[in-house]
Amino acid sequence: MNDSHTTWTAVDTYFNNLLLPADQYLDVALSDAAEAGMPMHNVSPSQGQLIALLMRMHQSKSVLEIGTLGGYSTIWIARALPEGGRVISLEIDPTRAEVARKSIARAGLDNKVEIITGAAVDTLPTLAAKGYAPFDFIFIDADKPSNPIYLEWALKLSRAGTVIFADNVVRNGAVTNADSDDANVKGVQQFTELIAKETRLSATAIQTVGEKGYDGFILAIVQS
Ligand SMILES: C[S@@+](CC[C@H](N)C(=O)[O-])C[C@H]1O[C@@H](n2cnc3c(N)ncnc32)[C@H](O)[C@@H]1O
Ligand SMILES: [Mg+2]
């Protein structure tokens, strides 16, 4: 923990205390995930609220999340849905999915959430036939080496106007290292290069600092 990280965390705490009410369901979702041995790879509260605000501004009614973990971001997403809205969340690890389902049910959101277990490359091709596509908003937050494949699927499962939000694309600045042999870094680099070439997308990347360290996200919209 360096000085910068201490400052970033204090600033997150300052704003969260003022802007984000304490929430027992989100807190218990995190503590249950930690107790189950999951890594704390969830979005921060301010990032969860950012996704919720974007969804509400966009009036997103159907959301695809790739990467559930303990359901922390899923709760933020489900709460931002209007009446009749739905989030489909994909998670490879059945134990994680089970913990997430419990946290989501405790928060009274199980009628808005379906968690599908399995590798996303196997479950993504099943979604259209189930009548879930097109999605209004797609949150990509799973194994970063697969981001190029997730982009392909996001486009297949989208419509003009679909928003794509991809987390953790800065990776403490490592994204600029062209010689990186880190599979996560390579995944986000290839993902970004594909977005750059994709005429159907208009996108930007935003760097972030905070309690989760130095990272960032890509925000894109399908424009045709
Ligand atoms: C960064 S965490 C998700 C965090 C969550 N979105 C949040 O903010 O609370 C990534 C999750 O993706 C899952 N995952 C990894 N590889 C996957 C795959 N191939 N298919 C589906 N899920 C996968 C991991 O098990 C992990 O739970
Ligand atoms: Mg993330």
Side-chain angles (χ1 to χ4, degrees), residues 12 20 23 25-52 54-55 63-80 87-104 106-107 109 113-127 135 137-154 157 164-172 174-175 183-188 191 205-219:
D12 261 346
L20 304 179
D23 189 297
Y25 297 110
L26 287 168
D27 291 348
V28 179
L30 283 187
S31 56
D32 279 7
E35 209 169 292
M38 293 184 217
M40 303 304 278
H41 290 169
N42 51 281
V43 292
S44 69
S46 54
Q47 291 163 348
Q49 172 74 321
L50 172 65
I51 291 169
L54 288 169
M55 281 177 54
V63 179
L64 170 64
E65 174 178 67
I66 310 177
T68 318
L69 193 65
Y72 183 80
S73 54
T74 324
I75 292 175
W76 279 104
I77 291 168
R79 283 183 175 160
V87 50
I88 306 298
S89 188
L90 310 182
E91 173 54 54
I92 196 168
D93 182 328
T95 310
R96 291 180 177 184
E98 214 30 59
V99 173
R101 283 189 191 103
K102 283 192 187 133
S103 292
I104 288 158
R106 195 188 299 114
L109 296 164
V113 180
E114 185 179 339
I115 299 176
I116 302 177
T117 51
V121 283
D122 298 328
T123 56
L124 283 163
T126 69
L127 301 180
F135 292 96
F137 192 103
I138 300 177
F139 177 40
I140 301 176
D141 191 26
D143 51 322
K144 309 316 176 206
S146 301
N147 266 22
I149 302 165
Y150 297 155
L151 180 67
E152 253 176 59
W153 276 103
L157 299 170
I164 299 173
F165 187 114
D167 201 16
N168 312 114
V169 299
V170 172
R171 314 207 66 79
N172 207 26
V175 70
N184 294 318
V185 171
K186 286 181 163 175
V188 298
F191 175 73
I206 297 294
Q207 303 181 62
T208 57
V209 295
E211 63 191 76
K212 295 284 173 181
Y214 170 38
D215 212 328
F217 59 87
I218 281 185
L219 184 64

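Start at 1 and go down the list; that is how both ligands and their atoms are numbered.
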If we only count heavy atoms from C-beta on, is the Tyr25 to Arg79 side-chain gap below 4.5 Å?
yes

Which residues and atoms, protein N, O or S only, are under 2.8 Å from the Mg ion (ligand 2)?
Asp141 OD1, Asp167 OD2, Asn168 OD1

Between Thr117 and Pro94, the two heavy atoms sitting closest are CG2-CA, 4.0 Å

If you define the side chain from C-beta out and look only at heavy atoms, does anything of Asn147 sit under 4.5 Å from Leu151?
no

Tell me whether Ala119 reaches ligand 1 (any heavy atom closer than 4.0 angstrom to a ligand atom).
yes

At what distance is the nearest protein heavy atom to atom 7 (C) of ligand 1, and which residue and atom is it?
Ser73 OG, 3.0 Å

Determine whether the side chain, the backbone, both or neither of Glu65 has a heavy atom under 4.0 Å from any heavy atom of ligand 1.
side chain

Ignoring hydrogens, what is the shortest heavy-atom contact between Leu69 and Ala100? Give both atom names and the distance.
O-CB, 3.7 Å

If I compare all heavy atoms of Val43 with all of Ser73, which pair ends up nearest, and what's the gap?
CG2-CB, 3.9 Å

Return the minimal non-hydrogen interatomic distance between Pro148 and Lys144, and the atom names on each side.
CD-O, 4.2 Å

Indicate yes or no: does an N/O atom of Gly71 lie under 3.5 Å from an N/O atom of ligand 1?
no

Is any side-chain heavy atom of Leu124 closer than 4.5 Å to a side-chain heavy atom of Leu64?
yes

Starting from atom 21 (C) of ligand 1, locate the nearest protein heavy atom and write down its residue, its atom name and how far away it is, to 0.1 Å.
Ile92 N, 3.4 Å

With nothing but distance in play, are any N or O atoms of Asp93 less than 3.5 Å from an N or O of ligand 1?
no

Just need the protein heavy atom nearest to atom 17 (C) of ligand 1, so name the residue and atom and give the distance.
Asp143 OD1, 3.4 Å

Run the numbers for me: atoms of ligand 1, each under 4.0 Å from some heavy atom of Phe139, listed by number.
6 (N)

Can you find an N/O atom of Val43 closer than 3.5 Å to an N/O atom of ligand 1?
yes

Which residue supplies the protein heavy atom nearest to atom 20 (N) of ligand 1, what is that atom called, and how far is it?
Ala120 N, 2.9 Å

Side chains of Leu127 and Trp153: does their closest heavy-atom pair fall under 4.5 Å?
no

Ligand 1 N/O within reach of Asp141 N/O, cut-off under 3.5 Å:
yes

Atom 13 (C) of ligand 1: closest protein heavy atom, distance to 0.1 Å, is Glu91 OE1, 3.4 Å

Taking it one step at a time, do Val113 and Ile75 satisfy side chain to side chain contact (heavy atoms under 4.5 Å, CB included)?
CA-CA 9 Å; Val113 180; Ile75 292 175; over 6 Å; no

Heavy atoms of Gly67 and Glu91 approach each other most closely as C-OE1, 4.2 Å

With a 4.5 Å limit on heavy-atom distance, are the side chains of Ile138 and Tyr150 in contact?
no

Looking at ligand 1, does Gly118 have a heavy atom less than 4.0 Å from it?
yes

Pull out every atom of ligand 1 sitting under 4.0 Å from any heavy atom of His41, numbered as shown with elements.
1 (C), 4 (C)

Parallel, tilted or perpendicular, as decided by the 30° and 60° cut-offs, for the rings of Phe165 and Phe139
perpendicular

Minimum-distance pair of heavy atoms, taken over all atoms of Asp12 and Ser46
OD1-OG, 3.6 Å

May I ask you to identify, for Arg96, whether its side chain, its backbone, both or neither come under 4.0 Å of ligand 1 on a heavy-atom basis?
side chain

Any idea which part of Ile66 is under 4.0 Å from ligand 1, heavy-atom wise: side chain, backbone, both or neither?
neither

Ligand 1 to Tyr150, heavy atom cutoff 4.0 Å, flagged ligand atoms 18 (C), 19 (N), 20 (N)

Without swapping roles, check the side chain of Ser44 against the backbone of Gln47 for a donor-acceptor pair under 3.5 Å.
yes

